[in-house]
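Reading through the structure tokens given below for one structure.
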Amino acid sequence: MDEFKGKTAVVTGGASGIGRAMADRFATAGMNIVIGDVEPAALEKVLGEFKAAGVKAVGLRTDVSKEADVKALADKTLEAFGGAHIVCNNAGVGISGFAWEISDEDWRWVMGVNLWGVIYGIRHFVPIMIKGGEGHIVNTASMAGLTTGPGMSPYFVTKHGVVALSEAIHQELMMAQANIGVSVLCPAWVNTRIGESDRNRPGGPVDETTLDPVRQAMQTAIRGALSEGLSPDEVAEMVFQAVVNKTFYILPHAHWKDLIQERMENIIHQRTPVPREFRMK
Ligand SMILES: NC(=O)c1ccc[n+]([C@@H]2O[C@H](COP(=O)([O-])OP(=O)(O)OC[C@H]3O[C@@H](n4cnc5c(N)ncnc54)[C@H](O)[C@@H]3O)[C@@H](O)[C@H]2O)c1
């Protein structure tokens, strides 16, 4: 896409963090904004701020893991602005722990938001974009979609799924001769509220006082890394440039590329993956 003014950007998980920053960046480019987010108060706040700044913005309380909610968001987008040009399937959550100890509910929660949320976004927005004749999809995966490690298996599983889905739909859209670009956003640490994802957990926030020491240490390490991460605004600018330049893989943390290379070489040379702490000894 070359021209943004007066066109429409849809962002799921747009009431906080990276989603909010992407919405801001697209608004700065003169676009109408549609926000879908599961948190009603945060959604109202962001819509109020957009309206006060003179941005044409609408929103809907949306749980992206529910297909009916994502369809309703697409209907609302059409009703408000008649089309969708940039669609950011961005809402995401994480939980730490060993794979065998994470409950069914938590596995389903993370899979529902991070993977099914993107699948539903594609299903309900791509036909609108094809009809409109142009567009760009930005799926938020993570560096966790290109590498693996211990302690967050549902997150790794879903983010690898988002990368695979993005690669597949990009090729399908080319085959369909649709004028729709795709980017997959794969950041490492960004300073957002993802470490408090359990604020939206169906079973309520995790009682961290009951966690075993290993999981407590994981939580502390994750929060520390997040607080030192890139700012959401820096990431949003990279996303904007990727849409302009039609860049497929968005890798905001260039110095993490060696981990991607290491994983690929492990696969090619049939080396067993080992956690970092063990390797450093
Ligand atoms: N922060 C990081 O370090 C980092 C790194 C890589 C990828 N990501 C990804 O970036 C995306 C945005 O996360 P963030 O870091 O900005 O976190 P965040 O918690 O600040 O924002 C996430 C937003 O998603 C919303 N959300 C949660 N569950 C939802 C649901 N079921 N339906 C709709 N909205 C829902 C939240 O209310 C929140 O507004 C996620 O997909 C995350 O996995 C984050």
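Atoms within each ligand, like the ligands themselves, are counted from 1 in listed order. Below, all heavy atoms of this structure are taken into account, side chains as well, without hydrogens, waters or symmetry copies. If you're wondering where the values come from, they're calculated on a predicted model, not measured in any experiment.
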Problem set entry | NZ/NE/NH1/NH2 to OD/OE distance under 4.0 Å, Lys45 and Glu49 | yes
Exercise. Rounded to the nearest 0.5 Å, how far does CD of Gln241 lie from OG1 of Thr247?
Worked result: 9.0 Å
Problem set entry | Results of side chain to side chain donor-acceptor pair (under 3.5 Å) for His160 - residues two or more places apart only | none
For this session: Report yes if the side chains of Cys88 and Phe26 come closer than 4.5 Å at any heavy-atom pair, otherwise no.
Result: yes
Seminar exercise, completed: d(Arg61 CZ, Asp69 CG) to nearest 0.5 Å is 6.5 Å
Exercise. Going by the angle between their ring planes, with limits at 30° and 60°, are Trp189 and Trp256 parallel, tilted or perpendicular?
Worked result: perpendicular
Problem set entry | Sorted by chain and number, the residues that approach ligand 1 to under 4.0 Å with a heavy atom | Gly13, Ala15, Ser16, Gly17, Ile18, Asp37, Val38, Glu39, Thr62, Asp63, Val64, Asn90, Ala91, Gly92, Val93, Val113, Thr140, Ala141, Ser142, Tyr155, Lys159, Pro187, Ala188, Trp189, Val190, Thr192, Arg193, Ile194, Arg199, Asn200, Leu226
